[in-house]
Each structure stands twice: as C-alpha cells, then as structure tokens.
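These numbers come from the heavy atoms of this one structure, side chains and all, not from hydrogens, waters or symmetry mates. In what follows, every chain begins at residue 1, and chains take the letters A, B, ... in the order their sequences are listed.
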Protein chains: 2
Amino acid sequence: MNETASPRSEAKAVRRQALLDAAAALFAAQGFAGVSLDDLGAAVGVSGPAIYRHFSGKQAVLGALLVGVSEELLTGGSRAAGLAPGGEADDGGTSLRALVAFHVDFALSKPDVIRVQDRDFTSLSPEDQNAVRTLQLAYVDVWVEALRRLQPEASRAELRLRAQAVFGLINSTPHSVGRTRRDGGRVPAAPARKLLESMALAALTAPSATPSS
Amino acid sequence: MNETASPRSEAKAVRRQALLDAAAALFAAQGFAGVSLDDLGAAVGVSGPAIYRHFSGKQAVLGALLVGVSEELLTGGSRAAGLAPGGEADDGGTSLRALVAFHVDFALSKPDVIRVQDRDFTSLSPEDQNAVRTLQLAYVDVWVEALRRLQPEASRAELRLRAQAVFGLINSTPHSVGRTRRDGGRVPAAPARKLLESMALAALTAPSATPSS
DNA sequence: CTGATCAGTTAGTGACGATTAACTGAAAAC
DNA sequence: GTTTTCAGTTAATCGTCACTAACTGATCAG
C-alpha cells in the first residue's frame, strides 16, 4: 500500500516503532524503573542490548516516546482548535468542544502513553524534560486561547488551572475504563466518551465563584 | 501538651512518622524506585539500615504510607458525607458538597501522598495492593451513594466513573498549584480551592447526554 | 548497680541491570 | 564477487542498591 520507497532497511523503522509501542505498554504497567532493557527487548523479539542499535540508551527510549506524544497532542490540538467553520471569529465554544473531543479520544485510544507521561516525566533527561514541558505549555496555551474567547475577564492563571484540571479529569480514564473486552463493572468506552465530554465542558464553564451557597 | 504518657521510647513513634513524611516527599519527587534507603535515612538524620528498626523493608514503608492515606480518605470522607444536618434524608447535595470540599482540602494539603498513591501503587506488595484497593473502593462508594440520591436513575458504573474522573480533576492540583510561596504564574491555593470545588460540582452534575448541539 | 533491650552504626554480601566489547551473518554497495 | 555496513548476539564490566551481620552505647527494668 503506502510503501515509502525506502530500501529494505525500513525494517529498522518498523522495529523502532515496535520498541516504542512495547515501551509504552511496559512503562505504563511497571514504571520506567521497573522495566529492564532485557524485558523491553524480549517484548519485541530481540533481546537485550540490541536496543542500542535504535536508541542511545534506556532514557532515550523514554524521551522519544514522550516527546512524540507531546508533539502529537500539540499538533492535534492546534488542528482541532482551528476547525471552527466560521473562521477565527467564533465564540470559542466550537473550538472548545473540538478540543475536548480530541483530548478524550486521545486519552481513550492511547491510555498507556498518557499514563507514562505524567508518571515517569522525572525520569527524562533534563533536555527532554524541557522539550516536553515546552510542548505541553504550548498545548495548554491552545486551550487557554479557546477559553479566553468564552471568558475574557478570567485571568490566564485561572484558565490554565482549568485546563490542567480538565486534563486530570480526562486522563483519569485509564484507571477507570475497561481496557479490553469483557470488562466487569466498568463503563464501556463508547458511552464513556460522551460522558467525559459532558463533564469536561461542564467543568470548563463552571462559574468562578460558587453561586448559590 | 498532649503527652500520651508513653515512655520515652515514643521517640520511636516520632522517628517513624518522620520517616513516613520524608518518604512521601521523596517518593513524590523521585518515585519509589528512585529513592534509596540511604536517601530516605539521610532525610531524617539517620543513615541507611536504621530504617529496619521501624519497617520490615522498603516496600513496607510504602505500604504504611499508602494504607494510611487510604484510611484517612475513607474515614474523612465518611464523616464528611454524614455531616448532612437534616440527617440521612437530605437530597444528597449537601453530602456531595461536603465530600468535594473535603477532597479538595485533602489534595491541597497533602499533594505528595496523592501523587505517590496513583504513581507507585504497583510497587506495593500484593497484600498492600489489596488493602489499598479495598479502601479506595469503599471511598468511591461513599461518593456513589451521595450521587445516587441526586441521580437515582444513573447506573452505578456511570457514577463510579464520575467519581473517579472528579478525583482526577482534583488530584491534578499538585501539578498545577504553586507548592510554596513565591510562585510564578500559578493560582495561589486559597482561590484555587473554590474554583476546584465549583468545577468538581459542575462535572458531577453535568448531564449524561450532551444536551444542545 | 546490673543486665537486657533496642535504636543506631559501619562493613559486608548478592542481585540485578545498564552499558560496553568482541563477534557473526546477511543484505547493500560497487 | 568482494567488501562494507549494520542489526543482532553473547560475554564481560561496573555501579548501585536492598538487605544482613556484628557491634556499640544508651536507656530502662529489677
């Protein structure tokens, strides 16, 4: 189908991606420190130091993983926020709904990476920490700009807090939604999506001061 | 002041508590695996294996810490939910407001422990995992019962998801609220409390199906 | 007083795990 | 066809811990 016309040494790209996928699953399950390079290698059928053919070290695997997600979130979020059909002049509500839908979808489809991102951030190299932090701040800013069109009077700090809190709400999903089929007592993914979107929008537009006592 | 009349070997209780406090701070900052027993000992002024006088091992420190919080949350939450002045027959709204206030307060005053609880849960011994899980389920149930009085038609699974999502919202606080004085660009703790309560209540009472659109 | 108890201390010990070294075999280059 | 190149392999190396052993000094009981 979409062969990128690269030589057969694109098997390397496949291997690399397999390693990143396995890393996401293993790190999510056992934490960065709880996974050995032998474990990671075994998960993709090679064993041990073969990983050094693809990454400069264990930390670099984590770095590639998390910088990757952060970029995905930023570009996806920017696209979603810009999707307002009426151009830049809408009231922000459309952008916000698109952002919420995008983020819920992301969290439901890639729970592992979400988990690793706010669990093992501190295991990144300082450089990667900066890169991820910068991307995350930019992503938050996309949300803040959408929120500002709805609540121009609110401080940026408040809107940032709102965005972060809603990320927490949505990202809590991995803990609560049944990961595979045959779940017990958990809400299946499809209805969960709608419920989470409704909760997120309610939280984003909740009054700043509690109205009635 | 309140000397419990125990012999001077209550210095041991003090040391033990100091170890738990230090463990909360260190584990929150660097993760369970990222903290050595030497680190932990040094943080309270003793060094290394002295910890074995107080705990049977590193894992036991984590266990005591997390089982402790889980109990605190359950008893505190039960008390808050029962505080409805009109007895058991109120509409649930009062209980819910009390629960939200309690949880927000807890998350703002002990962010470290919150962080450790959903980050290093898997480093617990299987027995402690069970203990913590059981306590957490009971705590969720307190919320679910309060919610049921407001939304009797909703399934328990949905209410559980709502409760979990709101925990995520509130617990995201540690990442966003300035930990100490002299914060930069972050919302100070007092206004943050009110805002988080408002957002949490809005999310808890958001409609199940997105209304307009 | 005197002996037990017990919080601490300083040296091991034993695993485990990241990284490196030295090699191998097959595909790609020429 | 020969020679690089390079993904992989197995066998060290080297640090870092959790945990144990052996010992010490103070407090507490009698």
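Between the CZ atom of B/F55 and the C1' atom of C/dG8 there is a distance of 16 Å, given to the nearest Å. Atom-to-atom, NZ of A/K12 to C1' of C/dA28 comes out at 14 Å; the value is rounded to the nearest Å. D/dT10 atom P lies 14 Å from atom CD1 of A/I51, rounded to whole Å. Look at CZ on B/R16: it is 12 Å from P on C/dA7, rounded to the nearest Å. Rounded to whole angstrom, the span from the CD atom of B/E10 across to the C1' atom of D/dC28 amounts to 15 Å.
Using a 4.0 Å cut-off on heavy atoms, none of the residues of residues 60-69 of chain B approach DNA chain D.
A ring pair (Phe, Tyr, Trp, His ring centres under 6.0 Å) check over residues 33-55 of chain A, counting only residues at least two apart or in different chains, returns nothing. For the salt bridge (Lys or Arg N to Asp or Glu O under 4.0 Å) condition, the pairs that include at least one residue of residues 63-78 of chain B, sequence neighbours left out, are B/E72-B/K110. Legend: salt bridge (Lys or Arg N to Asp or Glu O under 4.0 Å) pairs involving residues 40-68 of chain A, not counting sequence neighbours: none detected.
For the 3.5 Å distance criterion, the side chains of B/Q117 and B/S70 qualify, holding a donor opposite an acceptor.
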For this session: Report the C-alpha separation of B/F106 and B/I170 in whole Å, then their side-chain angles, then the decisive distance to 0.1 Å, and conclude whether the side-chain contact (heavy atoms from CB on, under 4.5 Å) test is met.
Result: CA-CA 10 Å; B/F106 194 95; B/I170 297 173; over 6 Å; no

Problem set entry | salt bridge (Lys or Arg N to Asp or Glu O under 4.0 Å) assessment of B/R16 paired with B/E10 | CA-CA 10 Å; B/R16 185 191 153 96; B/E10 68 146 17; over 6 Å; no

Seminar exercise, completed: In 5'-to-3' order, the base (B), backbone-only (S) or no-contact (-) status of each nucleotide in nucleotides 15-22 of chain D, using a 4.0 angstrom heavy-atom cut-off, is --SSBB--

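Side-chain contact between A/S78 and A/L74 is present, with heavy atoms from C-beta onward closer than 4.5 Å.
Here A/H54 reaches the OP1 or OP2 of D/dG8: one of its side-chain N or O atoms lies under 4.0 Å away.
For B/E158, the side chain to side chain donor-acceptor pair (under 3.5 Å) criterion is met by B/R162, B/S208, not counting sequence neighbours.
Closest to the side chain of A/R15, out of C/dG8, C/dT9, D/dG8, is D/dG8.
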